[in-house]
Undergrad: 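Sharing a structure below in structure tokens format, with a few things to ask.
What you see below is based on every heavy atom in this structure, not just the backbone, and it leaves out hydrogens, waters and symmetry mates. One is the number of the first residue; the rest follow in order along the sequence. Small disclaimer: the values here were computed from a predicted structure and weren't measured.
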Amino acid sequence: MSSGQQTSACARAFYAAPIAQFLQQSEHEILGTINARNPAAQVTLQQSNAWSKEISILKTALHGMREGRIMFEYTIPRMGKRVDAVILHGNVVYLLEFKCGAREYAAYARDQVLDYALDLRNFHKASHDKLIACLMVADEAPAAEQEVEEKQRIISPIRCNAHNIRSAIEKVAAAYDEPAFDYVEWERAEYLPTPTIVEAAQALYHGHQVREITRSDADATNLTTTTGAINGIIAHSKSNKRKSICFVTGVPGAGKTLVGLNIAIEHSQAAKGEHAVFLSGNFPLVTVLQEALARDKTLRAKEEGAKITKKDALRETSAFIQIIHKYRDEFVGNDNIPPERIVIFDEAQRAWTHEQIAKFMKDKKKVPEFSYSEPEFLISTMNRHRDWAVIICLIGGGQEINTGEAGLPEWFDSLQRSFADWDVYLTPQLNDSEYRHGRSWQSMIQGLSIHEKAELHLANSVRSFRTPALAAFIKALLDIDIPEAQRLHSEIKDKYPIVLTRRLATARKWVREQCRGNTRYGLLASSGALRLKPEGIFIKNEVSVANWFLNDKSDVRSSYALEDTVSEFDIQGLELDYTLVAWDADLRYVDGAWTYNNFSGSQWQRVRAEEKQLYLKNAYRVLLTRARQGMVIFVPTGSETDHTRAPEYYEGIYLYLKQLGIPELP
């Protein structure tokens, strides 16, 4: 082990030094170092007093300790937060969360320090194999029993007050004999975060760069490469007065939405003449992101002593994240030129066909004749600019899940019909059956100015950071490529647990047991899973997606309650850490093939239209790729007395999943 000989210049902590040096320095000197490295414009008196108190408490607690290293305000980049103190001693990593002035041990403080530990274990390169001990310090609380309970190399939060931190450290030291490691190297080790889309949006909105909040290791596609390629296209289009459209592709969870948000935020200043807007037809995604940014903005303002109403915060966050339909309708029946030069269309494959949008316009907007498909109309609005404009289409293969979604070919048909002078930037991966929908590639690109850029494809999932092979496994599962699915499952099973059960209570118990701190989990089912109702799963219940995705464990409306169920429409583009996926008889496995079914009235009906079969298959693709760390699949046993839930409807699904190697819970 090594404590280092001098105070570290590492920017990750406001103060870092060997414990011996910390004990020798004056409180004034330590506090000065912390203040000097704090990037905030000013430090409140309350914060300064808290730091003084923490320094004093730890000087007493660590008195006489010669071995080890201490850090104050250690940054957790993905979460945009800081650990109050980190102590490296006896080859154990101690994380301390102080609640100065607290007289009781709050549950939220327990979850907070656990979240830090989980984040380090998952994303800090030097912490993957280290023993991490959590200490929650309520300095004025009565002494509590200090139990040492360890799970997956993380010791559950030990309750400490101002006087017994040392005893907690000694109890851990007595129970574990850990291999030596270099403390300074631990401090300097790479941090390779993989934020959720909500965390990423919050970080980007507050000025962080993609490279700061995402992985940069060789095993993950560097999102900055794709961002750089898009910025190059924007710069070229602007300087050469060209109109360009580029198609960004990627596997589920690869970060397409993150790239789009980053571009929108980078180019959000109209003063530069490059005003950008992020558009999505995914109402739940837009709702959750707008709400998350607004909540975060009001909270940060409160912490800084400022005040902003939730309404005003929402107005600001809605400026660059918008529902595509509202944006589109502003330009119907007029020749107005959009204020934006750059438009990002998220999940562009879900734009509407001419038939769907014409029907909508006639029924809802009282427009008797509408002669465009949605892709063609959206391109036409940007074509109103006289010099340059850029459209960025974020495309997910195999994710069309609703009637009237045009898919990729309609974008190319629109370009061929009316905008052949536009520059078209795309990836080689677009020439795939998932994107082409039976069309030949040559017929799609004929007559267009095509520029192939491999950098526009995101090949690896950053959602399921434990294994990038998850998306490929789910594709093989749904394609009934049994040998490939078996091979991929054997590759990922030790990194990313997927388990199977016939009992909903067992599934709920498993998913709760996997999660500690604020690790988020929830219950998913397809929108056609109407016969899960006898199991207590009501897919037709109205759910507030903002509450479901953002509220905490105390709220029964949140995902944590495992009561409200969300469908593929609610969760596409979003993610959880763990999921409970309930599989109904709408998609059945019979004699080596899928059968597609729709429940109507009092019975199941066979779905025969290929397009609707594709939507149903893609619904399960979405559901099965939402979890970042693991999932449990619940397949009911059915009922001998209910013809709508006949056991044979479910038995084939269950046996097929077992055949792929997915283990059943006891």
Undergrad: In terms of ring plane angle, is the pair Y656 and W594 parallel, tilted or perpendicular, where the classes change at 30° and 60°?
TA: perpendicular
Undergrad: Of H457, Q349, Q429, which meets side-chain hydrogen bond (donor to acceptor under 3.5 Å, both in side chains) against T249?
TA: H457
Undergrad: For the residue pair L616 and D586, establish whether any side-chain heavy-atom pair is separated by less than 4.5 Å.
TA: yes
Undergrad: Quick check for you: to the nearest 0.5 Å, what is the distance between I263 atom CD1 and T226 atom OG1?
TA: 9.5 Å
Undergrad: If every non-hydrogen atom of V635 is compared with every non-hydrogen atom of R502, which pair is closest and at what distance?
TA: O-NE, 2.8 Å
Undergrad: Would a distance-only check, ignoring hydrogens and angles, find a side-chain to backbone donor-acceptor pair under 3.5 Å from Q486 to Q659?
TA: yes
Undergrad: Show the numbers, then the answer: is there a side-chain hydrogen bond (donor to acceptor under 3.5 Å, both in side chains) between Y654 and E664?
TA: CA-CA 9 Å; Y654 160 71; E664 184 174 7; 2.5 Å; yes
Undergrad: Set out, in order, the CA-CA distance, both residues' side-chain angles and the distance that settles side-chain contact (heavy atoms from CB on, under 4.5 Å) for V590 and E648, then state yes or no.
TA: CA-CA 9 Å; V590 181; E648 59 265 28; over 6 Å; no
Undergrad: Just by modelled atom types, is the L576 backbone N or O under 3.5 Å from a matching donor or acceptor in the R628 side chain?
TA: no
Undergrad: Kindly indicate, with the supporting measurements, whether the criterion side-chain hydrogen bond (donor to acceptor under 3.5 Å, both in side chains) is fulfilled by E410 and T353.
TA: CA-CA 7 Å; E410 179 55 34; T353 61; over 6 Å; no
Undergrad: Step by step, work out the side-chain hydrogen bond (donor to acceptor under 3.5 Å, both in side chains) result for Q629 and D577.
TA: CA-CA 5 Å; Q629 300 193 53; D577 289 297; 3.2 Å; yes
Undergrad: Applying the salt bridge (charged side-chain N to carboxylate O under 4.0 Å, His left out) test to D423, which of K241, K243, R242 qualifies?
TA: R242
Undergrad: Would W411 and F419 count as a close aromatic pair, with their ring centres under 6.0 Å?
TA: no
Undergrad: Show your reasoning for whether salt bridge (charged side-chain N to carboxylate O under 4.0 Å, His left out) applies to K617 and D479.
TA: CA-CA 9 Å; K617 185 177 178 181; D479 289 347; 3.2 Å; yes
Undergrad: If you define the side chain from C-beta out and look only at heavy atoms, does anything of V581 sit under 4.5 Å from L523?
TA: no
Undergrad: Keeping S443 on the side-chain end and S440 on the backbone end, is there a donor-acceptor pair under 3.5 Å?
TA: yes
Undergrad: Just by distance, do the side chain of S449 and the backbone of V424 share a donor-acceptor pair under 3.5 Å?
TA: no
Undergrad: Give a yes or no on whether the backbone of N231 and the side-chain of H267 come within a donor-acceptor separation of less than 3.5 Å.
TA: no
Undergrad: Does a side-chain N-to-carboxylate-O contact under 4.0 Å join R626 and D570?
TA: no
Undergrad: Could you check if a side-chain atom of L378 sits within less than 4.5 angstrom of a side-chain atom of R328, using non-hydrogen atoms only?
TA: yes
Undergrad: Is it true that H236 and W388 have ring centroids separated by less than 6.0 Å?
TA: no
Undergrad: So H325 and F283, side-chain contact (heavy atoms from CB on, under 4.5 Å) or not? Walk me through it.
TA: CA-CA 10 Å; H325 307 318; F283 180 78; over 6 Å; no
Undergrad: Are the side chains of L524 and I571 in touch, meaning some heavy atoms are under 4.5 Å apart?
TA: yes
Undergrad: Does the separation of the ring centres of W583 and F634 fall below 6.0 angstrom?
TA: no
Undergrad: Hey, what's the ring geometry for Y578 with W510, parallel, tilted or perpendicular (30° and 60° as the breaks)?
TA: perpendicular
Undergrad: Would you compute the distance between atom CD1 of I342 and atom CD1 of I233 and round it to the nearest 0.5 angstrom?
TA: 11.5 Å
Undergrad: Can you tell me if CD on E330 sees more than 12 non-hydrogen neighbours from other groups inside 6.0 Å?
TA: yes
Undergrad: Quick one: do R487 and D481 make a salt bridge, cutoff under 4.0 Å?
TA: no
Undergrad: Of the non-hydrogen atoms in G447 and A420, which two are nearest, and what is the gap between them?
TA: O-CB, 4.0 Å
Undergrad: So how far is it from S244 OG to I391 CD1, rounded to the nearest 0.5 Å?
TA: 9.5 Å
Undergrad: Would F370 and F377 count as a close aromatic pair, with their ring centres under 6.0 Å?
TA: yes
Undergrad: With a 4.5 Å limit on heavy-atom distance, are the side chains of T287 and Q290 in contact?
TA: no
Undergrad: Just wondering, are more than 12 heavy atoms of other shown residues or ligands nearer than 6.0 Å to OH in Y596?
TA: yes
Undergrad: Can D584 and Y650 be said to form a side-chain hydrogen bond (donor to acceptor under 3.5 Å, both in side chains), step by step?
TA: CA-CA 7 Å; D584 200 10; Y650 301 97; 2.7 Å; yes
Undergrad: Hey, does L530 have a side-chain heavy atom less than 4.5 Å from the side chain of I539?
TA: yes
Undergrad: Checking F247 against F412 for the ring-ring contact (aromatic ring centres under 6.0 Å, His included) test, could you report, in this order, the C-alpha distance in whole Å, the side-chain angles of both residues, the deciding distance, and whether it holds?
TA: CA-CA 11 Å; F247 295 91; F412 284 83; 5.0 Å; yes
